[in-house]
Amino acid sequence: FVHYRSLIFPLLIRAGKPTPFFTFVLALLFCVYNGYLQGRSLSNYAKYPSGWLKDPLFITGFIGWLVGVVINIHSDHILRNLRKPGETGYKIPRGGMFEYVSGANFFGEILEWFGFALACCTIESLAFALCTLFILGSRAKQHHQ
């Protein structure tokens, strides 16, 4: 999914509001640090029993992550296709999880990272899931209003 979010998604979106450089730098630093933290945690400190991939916690977490990815990608598709070329103005997204939550893309990403945290069972993955919840939760609330 990292490849989708960092390489494919930016090529699919139409021209929108420019991102301030400072915001870009902060997001980049956060992602680099988080990637390092997750990678180091999983490669150097996490210890799993030999049957971990069959454990209900791992399976539930993996399914949660996968469902979150699908919701996120589908919601992004709906958002990208809200307006026809040249059309402006606010439009309310319809379809998919947007029928249940106003920030379906945010919901999908939050679900992804809580699924990841459950599958990994590390404090670092839980910390990232909570950060995602607080950051995207506040953005979702703004979008809803």
Side-chain angles (χ1 to χ4, degrees), residues 1-43 46 48 51-145:
F1 182 71
V2 172
H3 294 93
Y4 168 77
R5 182 55 73 199
S6 59
L7 300 175
I8 297 169
F9 178 75
L11 297 174
L12 294 174
I13 57 174
R14 296 182 188 129
K17 298 177 192 171
T19 301
F21 184 72
F22 184 68
T23 303
F24 166 77
V25 170
L26 287 178
L28 178 69
L29 290 174
F30 176 81
C31 289
V32 167
Y33 179 71
N34 181 60
Y36 169 77
L37 183 69
Q38 299 303 324
R40 184 154 173 96
S41 165
L42 292 171
S43 64
Y48 300 104
W52 180 245
L53 297 180
K54 295 177 183 174
D55 189 280
L57 280 177
F58 177 82
I59 293 169
T60 304
F62 178 77
I63 291 170
W65 173 82
L66 189 60
V67 169
V69 167
V70 170
I71 290 170
N72 198 349
I73 291 173
H74 185 251
S75 300
D76 285 345
H77 173 76
I78 291 171
L79 290 172
R80 275 194 315 274
N81 294 295
L82 269 178
R83 294 179 204 86
K84 294 175 178 58
E87 193 175 36
T88 60
Y90 182 77
K91 287 204 164 187
I92 297 174
R94 300 280 182 217
M97 285 299 294
F98 285 107
E99 298 299 319
Y100 305 99
V101 293
S102 56
N105 53 327
F106 299 128
F107 173 75
E109 193 157 343
I110 291 166
L111 181 58
E112 280 177 57
W113 295 116
F114 272 94
F116 176 78
L118 188 59
C120 294
C121 286
T122 64
I123 193 73
E124 294 83 1
S125 60
L126 177 61
F128 182 61
L130 290 171
C131 284
T132 302
L133 173 65
F134 295 136
I135 292 167
L136 294 185
S138 67
R139 289 184 63 197
K141 184 178 178 188
Q142 288 174 330
H143 282 249
H144 181 76
Q145 292 172 337

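Just so it is clear, the model here is predicted, and its values are computed rather than measured.
- F106 places none of its side-chain heavy atoms less than 4.5 Å from the side chain of I135.
- Atom OG1 in T60 sits 10.5 Å away from atom CZ in F58 (nearest 0.5 Å).
- Proximity of L130 to F114: side-chain heavy atoms (C-beta onward) are separated by under 4.5 Å at one or more points.
- Of the possible donor and acceptor atoms, one in the side chain of N81 sits under 3.5 Å from a partner among the backbone N and O of H77.
- At least one donor-acceptor pair closer than 3.5 Å links the side chain of W52 to the backbone N or O of A119.
- Ring centroid separation for the pair F30 and F128 comes in under the 6.0 Å cut-off.
- How far CZ of R80 is from CD1 of I78: 10.0 Å, rounded to the nearest 0.5 Å.
- The heavy-atom pair separating C121 from L57 by the smallest distance is SG-CD1, 4.0 Å.
- Contact record, G108 with I71: CA-CG2, 3.7 Å, taken as the closest heavy-atom pair.
- One distance of note links CG of L66 with CD1 of I63; it measures 8.0 Å at 0.5 Å rounding.
- Two residues are said to be in side-chain contact when any heavy atoms from C-beta on lie closer than 4.5 Å; Y48 and C120 meet this criterion.
- Y33 is not listed as a side-chain neighbour of L29, based on a closest heavy-atom distance of 4.5 Å or more.
- The shortest heavy-atom contact between W65 and E112 is CD1-O, 3.4 Å.
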(request) Take L53 and F62 through the test side-chain contact (heavy atoms from CB on, under 4.5 Å) and record every step on the way to the result. (result) CA-CA 9 Å; L53 297 180; F62 178 77; over 6 Å; no

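- In this structure, a donor-acceptor pair under 3.5 Å is absent between the side chains of N105 and E109.
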